[in-house]
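Heads up, the thing below is written out as structure tokens.
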Amino acid sequence: MQREEKQLDAALEALLQRINDLKTSIRTLLFRLENEYASLSWPSFLDSYAVISGQMNTLLKVMKNDKTPLLRNLIVLPLVLSPDPDEELKQATEGRVVAFSHDITPDMLRTKPDPDVEQRQNQFEQRASQVPPETAQKQINALNKVVNHVLEQITHSREDWENEATVRAAAAQTCVMADTHTLIAAVGLGKNLKTLPIAAPAQPGPGRAQAGPAPGKTTSTIKTTIKAASQVHPYNR
């Protein structure tokens, strides 16, 4: 008996831990939906939903574990019903349940859906049972046909996208990007440009008479100044 009680306590502790993690994730997602709806993106919402889904699967695995006793075989009975506030109960339920009274006991210990929900579910089941089997099978076949068509379209579109990406990646490259960047930098910024010096005019050597002006022409008194070709390019900084 003590062994079973220890297993039950360990299983309940593990379940409570998983449930608290799940509550925290749901509370965080609800807070973001209420306060950050303007900046909340769809991928971020899907990430939060994936975390909640993973925590639900973990909770189910703990419940289906071999070491977890069958909770359906256990019975929970209220020992004391009182309308007076219970601080310990209030703290355990995070303020949701203040007193374990006669009014709240049926909702807290309910093992079946709410009566209104159960009634509506029964109505849906009755309406579904009134449909002839042939008609239901035709509707199922039509729905399967539509779903299969949508899946085929999605599959073909995905294959086309993958093929297009593969062709684009395998296309022959017609230029070298490094050379293109170098050319743009040279034209726009004057980077890596080299200037060639211009040869100075030859001076008359010894024993050579300097040619005089041609007859009928006067010597020009204007001096031409040749700028050095090694001047720094204004953009080469």
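Numbering of residues begins at 1 and proceeds along the displayed sequence.
- Among residue pairs with one or both ends in residues 49-60, those qualifying as side-chain hydrogen bond (donor to acceptor under 3.5 Å, both in side chains) are Ser25-Gln55; sequence neighbours excluded.
- Side-chain contact of Gln137 with Asn141: a donor-acceptor pair under 3.5 Å is present, judged by distance alone.
- Counting heavy atoms of neighbouring residues, nucleotides and ligands inside a 6.0 Å radius, atom CG of Asp66 does not exceed 12 of them.
- Applying the salt bridge (charged side-chain N to carboxylate O under 4.0 Å, His left out) test to residues at least two apart or on different chains, the pairs with a partner in residues 100-109 are Asp107-Arg110.
- Evaluation of the side chain to side chain contact (heavy atoms under 4.5 Å, CB included) rule for Val98 yields Pro85 as partners, not counting sequence neighbours.
- Rounding to the nearest 0.5 Å places CE of Met108 at 7.0 Å from CG of Leu89.
- The side-chain hydrogen bond (donor to acceptor under 3.5 Å, both in side chains) check on Gln17 picks up nothing, with sequence neighbours excluded.
- Scored by the side chain to side chain contact (heavy atoms under 4.5 Å, CB included) test, Leu8 finds Leu12, Pro69, Leu71, Leu74 as partners (sequence neighbours excluded).
- Qualifying salt bridge (charged side-chain N to carboxylate O under 4.0 Å, His left out) partners for Arg32, counting only residues two or more places apart in sequence or in other chains: Glu36.
- Listed by chain and number, the residues in a side-chain hydrogen bond (donor to acceptor under 3.5 Å, both in side chains) with Glu118 are Lys112 (sequence neighbours excluded).
- Shown here are the side chain to side chain contact (heavy atoms under 4.5 Å, CB included) partners of Leu109, two or more places apart in sequence or in another chain: Val76, Pro78, Phe100, Thr105.
- Without hydrogens or angle criteria, Thr135 side chain to Val131 main chain gives no donor-acceptor distance under 3.5 Å.
- The shortest heavy-atom contact between Asp84 and Ala99 is O-CB, 3.2 Å.
- For Lys23, the side-chain hydrogen bond (donor to acceptor under 3.5 Å, both in side chains) criterion is met by Glu94, not counting sequence neighbours.
- In this structure a side-chain-to-backbone donor-acceptor pair under 3.5 Å is missing from Ser101 to Ser82.
- Within the model, atoms CG of Asn148 and CD of Gln153 stand 12.0 Å from one another, a figure rounded to the nearest 0.5 Å.
- Here Leu22 contributes atom CG and Ile52 contributes atom CD1; the two are 7.0 Å apart, rounded to the nearest 0.5 Å.
- Counting heavy atoms from C-beta on, the side chains of Asn144 and Val147 never come closer than 4.5 Å.
- Grouping Ile, Leu, Val, Met, Phe, Trp and Tyr residues whose side-chain heavy atoms lie under 4.5 Å apart, directly or via other members, places Leu77 in a hydrophobic cluster with Ile75.
- With rounding to the nearest 0.5 angstrom, the CG atom of Leu30 is 10.5 Å from the CG atom of Asn35.
- To the nearest 0.5 Å, the span separating CG on Leu81 from CD1 on Ile104 amounts to 11.0 Å.
- Side-chain contact between Met63 and Leu15: present, with at least one pair of heavy atoms (C-beta onward) separated by less than 4.5 Å.
- In this structure, CD in Gln119 is found 11.5 Å from CD in Gln121, a value given to the nearest 0.5 Å.
- Sorted by first and then second residue, the salt bridge (charged side-chain N to carboxylate O under 4.0 Å, His left out) pairs involving residues 125-150 (not counting sequence neighbours) form an empty list.
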(request) Show your working on side-chain contact (heavy atoms from CB on, under 4.5 Å) between Leu70 and Asn73 and close with a plain yes or no. (result) CA-CA 6 Å; Leu70 293 178; Asn73 296 334; 3.4 Å; yes

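- Between the Ser44 side chain and the Leu40 main chain, no donor and acceptor come within less than 3.5 Å of each other.
- By the side chain to side chain contact (heavy atoms under 4.5 Å, CB included) test, Thr180 is found to be paired with Cys175, Ile184, residues two or more places apart in sequence or in another chain being considered.
- Side-chain contact check for Val51 versus Asp47: every heavy-atom pair is 4.5 Å or farther apart.
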